[in-house]
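Labels below follow one simple rule: chain letters A, B, ... track the order of the sequence lines, proteins then strands, and each chain is numbered from 1. Side-chain atoms are counted along with the backbone in the values below, which use heavy atoms only and exclude waters and symmetry mates.
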Amino acid sequence: MHTLYNLVSGPLVWLSFLIFIGGSVFRITTMIRLAKEKDTAVFEYMNFYYASRSIVHWIVPFGSENMKKHPAMTVVTFAFHICLICLPLFVFAHVILWKESWNISWWYLSDSVADLMTLTVIGSCIFFLVRRLTVPEVKYLTSNSDFVILALVAAPFVTGFWAYHQLPAYRLMGILHILSGEIMLAAIPFTRLSHALFFLFTRGYMGSEFGAVKNAKDW
Amino acid sequence: MTESALKAESRKISDEGLDKGVEKLTPAKIEQVINSVLANETGARLKVYADTCVHCGLCSEACHFFLSNDRDPSFSPAGKVKQTLWEILKNKGSVSPAFIRRAAEVASTECNLCRRCAMYCPFGIDIAYLMLVIRRICHKLGVMPQYIQTTAHSHSATLNQMWVKEDEWIDSLMWQEDEAREEIPTLRIPLEKEGADIFYSVIGPEPKFRAQLIYQAAVIMNAAGLNWTMPATPGWDNSDMCMYTGDNEMMGRLKKAHFETAMRLKVKRIVMGECGHAFRSIYDMGNRWLSWKMPPIPVTHAIEFYHELLREGKIKIAKKYDKAVTLHDPCNIVRGKGLHEMSRYVVNQTCENLIEMHPNREHNFCCSAGGGVINCGPPFRNKRVEGNKVKAEQLFVAKTKGAKVVIAPCHNCHGGLEDIIHHYGLNMELKFLGDIIYECMEKK
């Protein structure tokens with residue numbers, strides 16, 4: 001168990017960060033290079049002001065018409081993404097790890113808030129799962145990989161919650177928590193989780209086309 | 001067979017262009033063409049769009065086909081990508097002739113390229129672009145609905161959409177000039193006038209069967225005292241069905257002829273009639289194919305033009321149109337140029353009572369004729385009209401509020417709305433803005 005712990009909390013952390021950061025840089029630069037070669041229009045029409053205008057409308061809850069049409073989905077999506085990004089950065093146990101390893105620290109969440117946020121992520125994943133299984137237009141688009149990705153995202157939160165509350169086999173869960181977090185991080189650049197990387201570009205481009213060329217809103 | 005596959009089977013429509021087209025295909029040919037299009041003509045946009053879609057289904061709400069077909073997921077925007085591009089990418093281009101037939105039908109007859117879904121997708125994935133890539137592949141494979149392909153052939157042979165010969169074109173203009181001179185004896189339709197301020201361009205169907213629109217435009221130009229001209233050579237037609245069949249080379253030829261004709265006459269700008277797709281071709285797609293970031297010569301759509309004439313007082317309204325009207329927002333000039341406020345200005349200046357449909361402006365529902373779908377002809381008519389029940393409902397609501405007339409400043413929308421009004425028994429009149437202006441203006 002100790003060897004395993006040392007592996008996941010040592011070399012694999014480095015590896016996952018390396019894959020995440022290196023992979024993200026690789027994916028983005030490859031796509032920019034390809035776009036320069038094949039999609040010159042993207043650079044011609046990309047416009048900082050209109051790209052930002054569109055992005056802002058889409059990262060503000062209920063900033064677009066479609067979000068108003070799906071209020072439950074909107075609330076869940078925003079809560080999910082906010083918790084998903086903030087928790088790993090500000091949960092006390094993680095901040096302590098940064099402090100111990102690098103002697104740097106920052107503001108952290110209280111345990112009860114962190115707990116609530118973890119449950120929000122887990123609950124959101126269940127919502128997404130139910131949606132995938134029951135809403136016909138989502139079900140139609142769903143493939144096995146969608147369930148794998150959902151499981152990949154839910155795993156670190158389920159295991160983290162388990163380990164923190166010291167439920168049965170929590171030591172193993174702790175290891176699985178670290179491992180699943182690492183897998184998720186490494187998967188971002190190479191799966192549909194890459195929407196995190198490309199959101200700014202796709203939305204920004206559409207915002208530019210609509211705003212600068214077509215003189216219209218796109219939200 | 002799954003339920004949706006059954007539905008897809010039951011909506012299979014026979015079409016010579018598709019049926020005969022796929023007969024000639026071999027798996028090797030399909031694979032070679034697909035991979036050559038993907039490798040040579042697409043790049044980061046296609047890859048990123050394919051990778052970024054998280055299969056959330058939120059685009060569905062945008063599509064009139066989806067909403068009108070009882071939320072059948074195979075009609076949702078991403079559902080159409082799933083049935084076409086995803087399969088192609090997954091199989092690396094190795095797909096069957098039957099698959100290509102279905103893909104051609106999805107891309108050409110079940111999507112109007114209206115771009116509404118780009119405003120509903122959280123990532124702004126341009127599904128119209130993806131459907132155009134599929135059409136491009138089908139074009140190169142020779143699988144295209146027969147009617148629209150015939151129109152594309154007309155473009156190739158005559159540089160206009162309706163097989164109008166050069167002398168017939170000139171003759172139609174002179175005929176309309178003659179007719180108009182009965183009403184306004186001094187009126188001219190100036191042909192080949194070098195150095196005119198305005199080059200007025202129309203689409204093929206105007207000389208062919210809506211010649212009164214040229215008459216009306218001439219009356220408006222005359223009343224406003226403008227220095228304008230029309231060409232007596234090919235290049236007069238601004239329409240472009242090749243843009244919709246994936247024949248990009250022809251799209252380029254058409255736009256080149258159009259721009260060069262305007263430049264030959266040394267005009268200051270092109271003013272075009274009330275057409276949506278032609279505007280998309282001139283302002284958005286054709287110019288880009290020719291490497292013009294923006295059109296090489298200023299282009300003014302009819303709505304902008306009328307707006308300008310009314311605002312500057314160049315034409316005056318004698319008596320406002322007194323029947324209550326509703327206004328349809330054509331996709332290609334609303335999501336394509338944001339002209340929705342200008343069209344409302346024109347309507348409010350010319351009509352007593354405008355009753356809005358909802359949703360409107362950028363969020364309008366397409367007429368379901370655009371994107372070349374109506375040009376795929378009678379075989380697909382019922383699917384097109386039944387695929388736009390939501391528009392019929394919008395029109396019906398406007399009618400219950402008193403609207404008697406639908407104004408649609410676009411030719412394709414006219415065709416589409418005419419069918420919808422007829423099919424759903426709405427009994428509403430359909431007009432262009434030009435019709436209203438002509439009827440209400442001081443003609444001098």
Side-chain angles (χ1 to χ4, degrees), chain A residues 27 30-42 44-45 54-55 58-59 64-67 69-70 73 77 128 131-132 135-143 145-146 149 190-199 201-207 209-211 213-219, chain B residues 2-4 39-62 66 71-76 78-79 81-82 86 90 115 117-126 283-284 288 291 293-294 332-340 359 361-363:
Chain A
R27 287 278 284 150
T30 315
M31 282 306 143
I32 289 178
R33 212 174 312 124
L34 184 60
K36 270 196 178 138
E37 196 187 319
K38 292 283 179 55
D39 308 271
T40 41
V42 171
E44 286 299 322
Y45 296 98
S54 174
I55 289 164
W58 283 92
I59 57 168
S64 75
E65 280 300 310
N66 205 16
M67 291 186 208
K69 285 187 185 296
H70 299 94
M73 179 67 177
T77 308
F128 295 142
R131 199 171 166 273
R132 281 217 178 281
V135 179
E137 65 265 31
V138 190
K139 197 174 164 191
Y140 184 75
L141 301 173
T142 299
S143 54
S145 61
D146 292 302
I149 288 172
F190 305 104
T191 62
R192 273 194 293 285
L193 294 177
S194 64
H195 69 266
L197 308 177
F198 292 122
F199 168 76
F201 297 94
T202 55
R203 189 78 256 166
Y205 178 62
M206 195 42 74
E209 278 273 6
F210 266 70
V213 183
K214 301 179 170 78
N215 195 25
K217 297 183 290 192
D218 67 329
W219 55 85
Chain B
T2 64
E3 199 185 331
S4 57
N40 301 320
E41 302 186 27
T42 70
R45 272 180 88 189
L46 185 106
K47 282 202 169 57
V48 170
Y49 286 159
D51 289 351
T52 303
C53 175
V54 292
H55 306 177
C56 68
L58 286 171
C59 54
S60 311
E61 208 67 48
F66 171 80
R71 305 179 73 89
D72 177 343
S74 67
F75 280 110
S76 76
V81 183
K82 174 193 159 89
W86 292 356
K90 197 167 81 187
R115 293 202 188 105
C117 48
M119 301 167 57
Y120 284 69
C121 167
F123 300 98
I125 293 175
D126 190 351
Y283 182 76
D284 183 354
R288 292 186 189 191
S291 304
K293 184 176 174 182
M294 297 309 265
N332 283 324
I333 43 182
V334 169
R335 273 188 290 285
K337 186 69 200 312
L339 299 184
H340 40 273
R361 297 175 167 85
E362 285 103 333
H363 289 274

Out of [options], which one racks up the most heavy-atom pairs below 4.5 Å with chain A?
options	answer
B:His340, B:Arg115, B:Met294	B:Arg115
B:Phe66, B:Tyr120, B:Trp86	B:Tyr120
B:Lys293, B:Glu61, B:Arg71	B:Lys293
B:Ala62, B:Pro359, B:Ser76, B:Gly79	B:Gly79
B:Asp284, B:Leu339, B:Ile333	B:Asp284

* To do: Output all residues satisfying side chain to side chain contact (heavy atoms under 4.5 Å, CB included) with A:Val135, sequence neighbours left out; order by chain, then residue number.
  =>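 Counting only residues at least two positions away or on another chain, A:Val135 forms a side chain to side chain contact (heavy atoms under 4.5 Å, CB included) with A:Arg131, A:Glu137, A:Val138.
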* Asked: Do side-chain atoms of A:Trp58 reach the backbone of A:Asp218 as a donor and acceptor pair under 3.5 angstrom?
  ->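 It does hold such a pair.
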* Asked: Does A:Ser194 use its side chain to pair, donor to acceptor, with the backbone of A:Leu197 at less than 3.5 Å?
  ->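 Here the side-chain-to-backbone pair does not exist.
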Which atom pairs, one a donor and one an acceptor, fall under 3.5 Å between side chains of residues 46-60 of chain B and the rest of the protein, sequence neighbours left out?
unit_1, atom_1, unit_2, atom_2, d
B:Asp51, OD2, A:Arg27, NH2, 2.8
B:Thr52, OG1, B:Val48, O, 2.6
B:His55, ND1, A:Leu141, O, 3.3
B:His55, ND1, A:Asp146, OD1, 3.1
B:His55, ND1, A:Asp146, OD2, 2.8
B:Ser60, OG, B:Gly57, O, 2.7

Sort [X] into side chain, backbone, both or neither according to what part of it lies under 4.5 angstrom from a heavy atom of chain B.
X	answer
A:Val213	both
A:Phe199	both
A:Met67	neither
A:Lys214	both
A:Phe128	neither
A:Glu209	side chain
A:Lys217	both
A:Trp219	backbone
A:Arg33	neither

* Indicate whether any N or O donor in one side chain lies under 3.5 Å from an N or O acceptor in the other, for A:Ser64 and A:Asn66. =>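 No, no side-chain donor-acceptor contact under 3.5 Å.
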With a 4.5 angstrom heavy-atom cut-off, could you sort out which part of [X] is near chain A: side chain, backbone, both or neither?
X	result
B:Arg361	neither
B:Lys82	side chain
B:Val334	backbone
B:Asn40	backbone

Most contacts with chain B, counted as non-hydrogen pairs under 4.5 angstrom, among [options]:
options	answer
A:Tyr205, A:Tyr45, A:Phe201, A:Phe210	A:Tyr45
A:Ile55, A:Leu34, A:Thr40, A:Asp39	A:Asp39
A:Glu65, A:Lys36, A:Lys139, A:Met73	A:Glu65

* **Audit row: B:Arg45, B:Asp126, side chain to side chain contact (heavy atoms under 4.5 Å, CB included) steps and yes/no** => CA-CA 9 Å; B:Arg45 272 180 88 189; B:Asp126 190 351; 3.2 Å; yes
* Could you please spell out the steps behind the side chain to side chain contact (heavy atoms under 4.5 Å, CB included) verdict for A:Phe198 and A:Arg203? => CA-CA 8 Å; A:Phe198 292 122; A:Arg203 189 78 256 166; over 6 Å; no
